[in-house]
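One structure is given below, encoded as C-alpha cells.
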Amino acid sequence: MTSFVECFGSPPTVTAQAHGRLNLIGEHTDYNGGFVLPTAIPQYTRVELRARPDARVRVFSENVGEHAPMAEYELGSEAPVSDWIDYVQGVTQSLSRVGFRLIGFEARVESTVPVGSGLSSSAALEVALVRAIKALFGLAVDDVLTAQLCQRAENEFVGARVGIMDPMACSLAAEGEALLLDTRDLAYRRIVLPTAVLAPVAIDSGIAHRNAGGDYNARRAECEAAAAMLSVKALRELNEADLPRLKATMPDTLFRRTRHVVTENARVLRAATALEAGDAVTAGHLLDASHASLRDDFEVSIPEIDALVAVAQAHPDVFGARLTGGGFGGSIVALAHVEKALGAARDIAAEYSRSGVGATATVLVPATAGDTS
Ligand code: ADP
Ligand code: MG
C-alpha cells in the first residue's frame with residue numbers, strides 16, 4: 001500500500017467512495033428500455049483528492065500493479081490512451097462538457113471491487129471520483145446526473161458501449177437495498193432487501209466471456225429487428241398478454257428473443273415485490289426462471305455456466321440462481337440464506353471446480369475477509 005502522503009507529500013482534503021454492483025435480475029433488458037434490479041455489493045472503490053493550483057491531474061491507483069500506477073494529464077487536453085486513466089479523463093471531460101469548471105487535483109484510488117469481473121469496478125471508480133470532485137469543488141451534481149456523466153465518460157471517452165444500469169446502481173443503490181430501475185426514463189424505486197433472510201452471492205465461472213462483443217451485438221440487433229417488425233420503439237412496450245399473438249406471427253428465433261425480454265421484465269417487477277415482502281422463495285424461483293429463459297430463449301448461456309447454476313440451484317441454502325451479465329461465460333448470481341451465504345458460495349465453487357468442467361470458480365460475493373476493509 002502506498003498512502004496519499006507517500007504519493008503526493010501531504011494529506012488529501014476529501015475522500016469519497018462508491019460500491020460495486022450486482023444485478024439480481026433483469027438481464028438483456030436494459031437496451032430494450034426495460035427493468036433491472038441491481039444491488040450494491042460490500043466491496044467499494046475509494047478516491048482521496050486534493051486540489052492543485054494549476055490544471056494538472058495526477059492520479060495514483062493502488063490496483064494497477066507495478067507498470068503504471070501513476071498517470072497524469074492536463075485538464076482540457078484529455079485524450080484517450082487506452083489505459084485505466086481514461087476512466088478518470090472521461091469523467092473530467094464529461095464534467096467540463098456540461099459546464100463545470102475544474103482546477104487540477106491529485107488523487108489516490110484504492111478498491112476492493114474485483115476488476116473486470118462484471119461487478120462494475122469501472123462505474124465504482126467513476127462514481128467515487130465524481131463524488132470526490134463534487135465534494136472538493138462544491139459542484140451541484142445529484143446522484144442521477146452523476147450516473148449520466150459516468151455513462152457518458154465510458155461511452156464517449158473510454159469507448160465502451162455500456163448502459164445506464166452500472167453507474168445508476170453505483171450512484172444510487174446502498175448495501176442492503178436493490179434499485180428497481182426503469183431504463184426507459186430512469187425512474188427508480190429503492191427496494192429494501194430482506195437482509196435478515198437472504199444475502200446475494202456472486203461466483204465467477206473461471207470462463208472469460210467468449211466472443212462477448214460479437215454475440216452481445218448480435219442479440220441487440222435481433223431485439224432491434226424484432227421491435228421494428230412489431231412496430232414498437234423497444235421490446236419493453238410489449239407485455240405477456242401479447243405473446244400468444246406474436247408466437248403465431250413471428251419467426252421462431254425473433255419470437256424467443258422477444259419472449260425473453262417480455263417475461264424478464266415481468267420477472268423483475270415480481271422479484272421486487274417478492275423481495276419487499278420478504279419472500280425469498282418466490283424471488284429465488286424468479287432467478288431460476290430467468291436463467292431458463294436466458295438459456296433457452298435468449299441463448300446466451302454455455303454448458304459450464306449451466307453447470308455452475310445447476311450446482312447452485314441444488315444447494316440446500318440457495319433460493320435460486322442464474323447467469324448474470326452478458327453471458328457466454330462470466331459469473332452467476334444466487335440468493336442464499338443469509339447466515340449460510342459464504343459457506344454455500346464456497347461449497348458451490350468447490351463442487352463446480354471438482355466436477356470436471358475444467359475451470360475453477362471464484363467466490364466474488366459475499367466479500368471474503370479483507371475485501372471490505
Ligand atoms: P468491470 O466494470 O466489470 O469491473 P470493465 O472492463 O468495465 O470491468 O472495467 C475495468 C477497468 O476499469 C479496468 O481495466 C481499469 O481500466 C478500470 N478500473 C476499475 N477499477 C480501477 C481501479 N481501482 N484503479 C484503476 N483502474 C480501475
Ligand atoms: Mg464496467
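Only a predicted model underlies this, so the values are computations on that prediction, with no experimental measurement involved. Both ligands and their constituent atoms are indexed starting at 1 by order of listing.
For a threshold of 3.5 Å applied to N or O pairs, the pair formed by Glu110 and ligand 1 contains no separation below that value. For Asn63, a nitrogen or oxygen atom sits less than 3.5 Å from a nitrogen or oxygen atom of ligand 1, counting backbone and side chain alike.
Among all non-hydrogen protein atoms, the one lying nearest atom 22 (C) of ligand 1 is Ser61 OG, 3.7 Å. Protein heavy atom nearest atom 6 (O) of ligand 1, with residue, atom name and distance: Tyr87 OH, 4.3 Å. With respect to atom 26 (N) of ligand 1, the closest heavy atom belonging to the protein is Trp84 CB, 3.4 Å. Of the protein's non-hydrogen atoms, Val115 CG1, 3.5 Å is the one closest to atom 13 (C) of ligand 1. When hydrogens are left out, the protein atom nearest atom 10 (C) of ligand 1 is Ser121 OG, 3.6 Å; that is the closest non-hydrogen contact. Atom 27 (C) of ligand 1 has Leu125 CD2, 3.6 Å as its closest protein atom, hydrogens excluded (heavy atom only). From the protein, the heavy atom lying nearest to atom 8 (O) of ligand 1 is Gly116 CA, 3.4 Å. Taking atom 3 (O) of ligand 1 as the reference point, the nearest protein heavy-atom neighbour is Gly118 N, 3.1 Å.
Using a cut-off of 4.0 Å between Lys/Arg side-chain N and Asp/Glu carboxylate O, Arg152 and Glu126 are scored as not salt-bridged. In this structure, Arg189 does not pair ionically with Asp182, as no charged nitrogen and carboxylate oxygen lie closer than 4.0 Å. Salt bridge annotation for Arg52-Asp54: present, with a cationic side-chain nitrogen under 4.0 angstrom from a carboxylate oxygen. Between Arg161 and Glu154, no side-chain nitrogen of the basic residue sits less than 4.0 Å from a carboxylate oxygen of the acidic one, so the salt-bridge criterion is not met. A salt bridge is absent between Glu351 and Arg354: the closest approach of a Lys/Arg side-chain nitrogen to an acidic carboxylate oxygen does not fall below 4.0 angstrom. Salt bridge absent: Arg56 and Glu106 never bring a charged side-chain N and a carboxylate O closer than 4.0 Å. Looking at Arg21 and Asp166, a side-chain N of the basic residue comes within less than 4.0 Å of a carboxylate O on the acidic one, giving a salt bridge. Salt bridge status for Glu175 with Arg190: absent, with no side-chain N to carboxylate O gap under 4.0 Å.
Using a 4.0 Å cut-off between heavy atoms, Val64 contacts ligand 1 through its side chain alone, with no backbone atom that close.
For atom 7 (O) of ligand 1, the candidate residues are Pro114, Ser122, Gly330, Ser111; the nearest heavy-atom contact is made by Ser122.
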From CA spacing to verdict: side chain to side chain donor-acceptor pair (under 3.5 Å), Gln17, Thr45: CA-CA 5 Å; Gln17 55 198 46; Thr45 299; over 6 Å; no
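Under 2.8 Å from the Mg ion (ligand 2) lies an N/O/S atom of Ser122, whether from backbone or side chain.
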